[in-house]
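First up is the structure itself, then whatever we jot down about it.
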Amino acid sequence: MIARKQAQSVLHSDANTLNAPALYAQVAERLRARIFAHELLPGSWIDEQVLAAEYGISRTPMREALKVLASEGLVTLKPRRGCYVTELSEQERSEVFPVMALLESRVAEDAARRATSADFSRLTAIHEELETHAAANDVDHFFETNQRFHIALQEIAGNRYLAQLINDTRQVAKLARRDSLRPAGRLQQSLQEHRAILEALLARDAALAGQRMHSHLLSGGSVE
């Protein structure tokens with residue numbers, strides 16, 4: 001009986017260990033958020049020692065976290081020089097945004113066909129937030145709300161393979177995407193594009209929704 005309780009205790013402990021994210025994964029998530037928020041700027045050197053001290057961890061999980069981010073294209077590991085936040089070149093931008101445009105245009109088409117009344121209400125509510133942030137010229141909140149709109153469309157479209165491809169590509173595109181909203185007039189232009197996309201979705205015009213989404217992504221990628 002005692003042995004059984006001990007075995008159950010070990011299993012319970014192991015289950016808790018398996019459910020808890022590894023330390024390096026938690027660190028990677030924090031660094032990812034700081035990169036997307038541009039607290040760690042594109043092209044900047046990442047001081048592993050300072051960050052490890054800030055998080056109260058050793059250098060080992062910090063290095064493992066940076067390897068994860070390197071595999072996602074968010075940081076670049078340079079031999080004998082250290083780790084740097086990835087800065088997209090013009091060539092890379094010209095390659096990644098057309099890919100995003102193709103993938104997300106398909107999402108918009110599928111969402112237009114599959115959306116329910118509840119889905120349309122959800123999209124409209126998110127769009128109203130975009131209107132509010134644009135009126136306040138709040139780029140950061142507009143960007144975050146814009147991400148929620150696109151993710152909502154992915155969920156409505158319901159294609160997990162397509163969603164995975166988009167999520168992988170978006171990781172890199174987000175390095176430049178927030179700054180693409182900062183030039184004069186771009187925020188309002190993006191809002192107008194979103195209005196047009198939502199209009200096509202509400203009309204259940206799949207082809208038009210796809211075309212407008214495609215143009216929207218290319219427009220965002222070309223403005224820096």
Subject >> Verdict with supporting geometry, Gln154 and His150, side chain to side chain donor-acceptor pair (under 3.5 Å) >> reply: CA-CA 6 Å; Gln154 286 177 222; His150 286 263; over 6 Å; no
Subject >> Derivation of the side chain to side chain contact (heavy atoms under 4.5 Å, CB included) call for Leu41 and His38 >> reply: CA-CA 5 Å; Leu41 294 172; His38 281 202; 4.0 Å; yes
**OP:** List the steps and the verdict of side chain to side chain contact (heavy atoms under 4.5 Å, CB included) for Ile126 and Thr145.
**Re:** CA-CA 7 Å; Ile126 296 174; Thr145 304; 3.7 Å; yes
Original post:
Is there a side-chain contact between Pro61 and Tyr55 (heavy atoms, below 4.5 Å)?
Top reply: no
Original post:
Taking atom CD of Gln26 and atom CD1 of Ile57, what is their separation to the nearest 0.5 Å?
Top reply: 9.5 Å
Original post:
Closest approach of Asn159 and Leu162, non-hydrogen atoms and distance?
Top reply: OD1-N, 3.0 Å
Original post:
Without hydrogens or angle criteria, can the side chains of Gln211 and Ser105 be said to hold a donor-acceptor pair below 3.5 Å?
Top reply: no
**OP:** For residues Tyr84 and Val75, determine if any side-chain heavy atom of one lies less than 4.5 Å from a side-chain heavy atom of the other.
**Re:** no
Original post:
Should the ring pair Phe149 and His194 be called parallel, tilted or perpendicular, given that the plane angle runs from 0 to 90° and is split at 30 and 60?
Top reply: perpendicular
Subject >> From CA spacing to verdict: side chain to side chain donor-acceptor pair (under 3.5 Å), Asn167, Gln171 >> reply: CA-CA 6 Å; Asn167 291 339; Gln171 293 282 72; over 6 Å; no
Subject >> Residue pair His216 / Arg186: nearest heavy atoms and the distance that separates them >> reply: O-NH2, 4.0 Å
**OP:** Please round to the nearest 0.5 Å and tell me the distance separating atom CG of Leu201 and atom CD of Glu109.
**Re:** 10.5 Å
**OP:** Look up atom CZ in Arg30 and atom CD in Glu54, then write down how far apart they are to the nearest 0.5 Å.
**Re:** 8.5 Å
Subject >> Ion pair check, Arg212 and Glu193, cut-off under 4.0 Å >> reply: no
**OP:** Report whether Phe36 and Ile46 are members of the same hydrophobic cluster (ILVMFWY, side-chain heavy atoms less than 4.5 Å apart, transitive linking).
**Re:** yes
Original post:
Is Arg122 paired with Glu155 through a side-chain N to carboxylate O contact shorter than 4.0 Å?
Top reply: yes
Subject >> Pair Gln147-Arg170, side chain to side chain contact (heavy atoms under 4.5 Å, CB included): steps then yes or no >> reply: CA-CA 10 Å; Gln147 294 295 300; Arg170 183 179 285 133; 3.2 Å; yes
**OP:** Indicate yes or no: at least one non-hydrogen side-chain atom of Thr169 is less than 4.5 angstrom from one of Phe97.
**Re:** no
Subject >> Cys83 and Lys78: CA distance, side-chain angles, deciding distance, side chain to side chain contact (heavy atoms under 4.5 Å, CB included) verdict >> reply: CA-CA 6 Å; Cys83 184; Lys78 300 182 180 181; over 6 Å; no
Subject >> Non-hydrogen atoms of Ala111 and Leu153 that approach each other most closely >> reply: CB-CD2, 3.7 Å
**OP:** For residues Met62 and Leu31, determine if any side-chain heavy atom of one lies less than 4.5 Å from a side-chain heavy atom of the other.
**Re:** yes
Subject >> Glu92 side chain vs Ser89 backbone, donor-acceptor pair below 3.5 Å >> reply: yes
Original post:
Do Ile156 and Leu202 belong together in a cluster built from hydrophobic side chains that touch within less than 4.5 Å?
Top reply: yes
Original post:
What are the two closest non-hydrogen atoms of Leu218 and Pro98, and how far apart are they?
Top reply: CD2-CA, 3.7 Å
Original post:
With no hydrogens and no angle check, is any side-chain donor or acceptor of Arg34 less than 3.5 Å from a backbone partner on Leu40?
Top reply: no
Original post:
What are the two closest non-hydrogen atoms of Ala134 and Leu191, and how far apart are they?
Top reply: CB-CD2, 3.6 Å
**OP:** Output the distance between atom CD (Glu131) and atom NE2 (His127), rounded to the nearest 0.5 Å.
**Re:** 3.5 Å
Original post:
Hey, what do you get for CG (Leu23) to OG (Ser58), rounding to the nearest 0.5 Å?
Top reply: 7.5 Å
**OP:** Determine whether Phe120 and Leu208 fall in the same hydrophobic cluster, where Ile, Leu, Val, Met, Phe, Trp and Tyr are linked whenever their side-chain heavy atoms lie under 4.5 Å apart.
**Re:** no
Original post:
Closest approach of Ala28 and Leu69, non-hydrogen atoms and distance?
Top reply: O-CD2, 3.8 Å
Subject >> Verify same cluster id: Leu77, Tyr24 (apolar side-chain graph, 4.5 Å) >> reply: no
Original post:
Hey, what do you get for CZ (Arg32) to CD1 (Ile35), rounding to the nearest 0.5 Å?
Top reply: 8.5 Å
**OP:** May I ask whether Ile151 and Ile197 are part of the same hydrophobic cluster, defined by side-chain heavy atoms of I, L, V, M, F, W, Y residues being less than 4.5 angstrom apart, directly or through others?
**Re:** no
